[in-house]
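In what follows, a structure is listed as structure tokens, so that the remarks can point back to it.
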Amino acid sequence: MLKKIPVANHHGDLCIHDGKLFVAVNLGKFNDPKGNADSWVYVYDADSLQQLARHETQEVFHGAGGIGVRDGRFFVVGGLPGGVEENYVYEYDDEFKFLKKHVIKSGHTLLGIQTATFAHDRWWFGCYGNPRILLVTDADFEMTGRYEIDCSLGIEGMTGGRLLVGSGRCEKDEGCNGTAMIAFPDPKTGFRFQNAAVQ
């Protein structure tokens with residue numbers, strides 16, 4: 001571990017862009033059908049973890065939970081109450097002016113979408129549940145696959161057509177640990193792991 005700072009709860013999925021970390025933050029009620037979330041994006045220097053800015057993203061109605069970046073625009077995902085059969089992606093420009101709400105016809109996913117990244121010409125969205133779910137869409141958020149595979153703690157694109165997939169667990173009184181493993185996209189299963197773990 002190189003740096004550690006205290007942060008507000010809930011700091012969700014993040015992305016890195018231009019030397020900065022952009023983190024989806026919800027300070028209100030998550031998954032509330034009445035929209036009593038308090039959604040933000042906090043920005044940190046990627047090296048020092050010094051907080052640089054906070055941007056309101058109150059359009060994220062059920063609570064900001066994750067963020068991805070593509071072509072200088074930011075895409076925030078979040079919570080989803082029970083019974084809602086589609087997910088939402090909220091698009092912002094580089095100054096966090098709200099641009100558009102996208103609808104993913106995904107069917108219901110438990111607590112919405114937790115992780116988001118654009119890699120290898122498609123969007124990858126990790127969701128909780130039992131089983132955990134991966135949603136894959138094209139660049140315009142049209143569904144191309146729904147898979148029973150876990151990337152709910154993080155997924156990121158790498159060179160050579162690869163993905164980096166996070167996993168982990170927490171144990172009471174002992175804390176949490178995490179692992180990142182290399183994977184390759186697979187049209188049948190969503191992705192398949194390479195054998196070696198990344199330390």
Nearest heavy-atom approach of Gly65 to Ala24 is C-CB, 3.6 Å
Next on the checklist: Just so I know, are the side chains of Leu80 and Asn87 near enough to count as touching, which here means a heavy-atom distance under 4.5 Å?
Outcome noted: yes
Is the shortest side-chain heavy-atom distance between Thr109 and Arg146 below 4.5 Å? yes
The complete set of disulfide (SG to SG under 2.5 Å) pairs with one or both residues in residues 108-191, sequence neighbours excluded, reads Cys170-Cys176
Value for CG (Asn36) from NE2 (His62), rounded to nearest 0.5 Å, stands at 11.0 Å
On a heavy-atom basis, the closest approach of His120 and Pro185 is CD2-CG, 4.3 Å
Are Gln58 and Asp38 side-chain neighbours, meaning at least one heavy-atom pair lies under 4.5 Å?
yes
| Taking the side chain from Glu85 and the backbone from His108, do they hold a donor-acceptor pair closer than 3.5 Å? | yes
CG (Asp138) and CE (Met143) are apart, to the nearest 0.5 Å, by 10.5 Å
Phe96-Phe118 co-clustered via ILVMFWY side chain contacts under 4.5 Å = no
Value for CG (Asp94) from CG (Asp18), rounded to nearest 0.5 Å, stands at 9.5 Å
**Prompt:** Applying the 4.5 Å side-chain criterion to the ILVMFWY set and letting contacts propagate, would Val89 and Val60 be lumped into a single cluster?
**Reply:** no
CG (Leu21) and OG (Ser48) are apart, to the nearest 0.5 Å, by 9.5 Å
Apart from Leu99 itself, its cluster of hydrophobic side chains linked below 4.5 Å comprises none
| query | Would you say Phe191 and Tyr147 are hydrophobically clustered, going by side-chain heavy atoms of ILVMFWY under 4.5 Å? | reply | yes
message: Assess the residue pair Glu156 and Leu163 against the criterion (side-chain contact (heavy atoms from CB on, under 4.5 Å)); give the C-alpha distance rounded to whole Å, side-chain angles, the decisive distance to 0.1 Å, and a yes or no.
response: CA-CA 6 Å; Glu156 185 58 58; Leu163 298 163; over 6 Å; no
Between Leu49 and Tyr44 the two heavy atoms that sit nearest each other are O-CD2, 3.3 Å
Cluster membership besides Tyr128, Ile/Leu/Val/Met/Phe/Trp/Tyr side chains within less than 4.5 angstrom, sorted by chain and number, is Leu110, Leu111, Leu153
Rounded to the nearest 0.5 Å, the CD1 atom of Ile67 sits from the CD1 atom of Ile16 at a distance of 12.5 Å
Contact between Val76 and Glu59 at the side-chain level, heavy atoms closer than 4.5 Å - yes or no?
no
TODO: Decide whether Ile149 and Ile133 are clustered together by the hydrophobic rule: side chain heavy atoms of Ile, Leu, Val, Met, Phe, Trp, Tyr closer than 4.5 Å, transitively.
DONE: no
| query | Is the number of heavy atoms from other residues, nucleotides or ligands under 6.0 Å of Glu95 CD greater than 12? | reply | no
Original post:
Do Tyr88 and Phe61 have ring centroids that are under 6.0 Å from one another?
Top reply: no
If you apply the rule side-chain contact (heavy atoms from CB on, under 4.5 Å), what do you find for Gln114 with Asp13, and how did you get there? CA-CA 7 Å; Gln114 303 301 315; Asp13 183 45; over 6 Å; no
- [ ] Report yes if the distance between the aromatic ring centroids of Trp123 and Phe75 is under 6.0 Å, otherwise no.
- [x] yes
Closest non-hydrogen contact found for Thr115 with Ser152 is CG2-O, 3.2 Å
Q | side-chain contact (heavy atoms from CB on, under 4.5 Å) between His11 and Val25, intermediate numbers included | A | CA-CA 5 Å; His11 263 52; Val25 176; 3.6 Å; yes
* Flag yes if Phe141 and Val136 sit in one hydrophobic cluster, no otherwise; membership is Ile, Leu, Val, Met, Phe, Trp, Tyr, and two members link when side-chain heavy atoms are under 4.5 Å apart. => no
- Taking the side chain as every heavy atom from C-beta outward, state whether Val69 and Phe22 have any atom pair closer than 4.5 Å. no
Scanning both residues in full, the closest heavy-atom pair of Asn9 with Leu27 reads O-CD2, 4.3 Å
Correct closest heavy-atom pair for Ala64 and Asn26 would be O-CB, 3.5 Å
* Asked: Are any non-hydrogen side-chain atoms of Leu164 and Ile182 less than 4.5 angstrom apart?
  -> yes
Exercise. Indicate yes or no for a side-chain donor-acceptor contact from Arg73 to the backbone of Arg70 under 3.5 Å, with no hydrogens or angles considered.
Key: no
Using a 4.5 Å cut-off on heavy atoms from C-beta on, say whether the side chain of Arg54 contacts that of Val41. no
Report task. Take Glu142 and Thr137 through the test side-chain contact (heavy atoms from CB on, under 4.5 Å) and record every step on the way to the result. Result -> CA-CA 5 Å; Glu142 295 293 324; Thr137 76; 5.7 Å; no
- Item | Student check: side-chain heavy atoms of Met181 and Thr179 closer than 4.5 Å | yes
CD1 of Ile104 to CG of Asp140, rounded to nearest 0.5 Å, is 11.5 Å
*asked:* Centroid separation under 6.0 Å, is that true for the rings of His55 and Phe74?
replied: no
Notebook entry, point to check: Considering residues, nucleotides and ligands other than Asn177, do more than 12 of their heavy atoms fall under 6.0 Å from its CG?
Noted result: yes
| field | Tyr92 and Tyr90 aromatic centres sub-6.0 Å | value | no
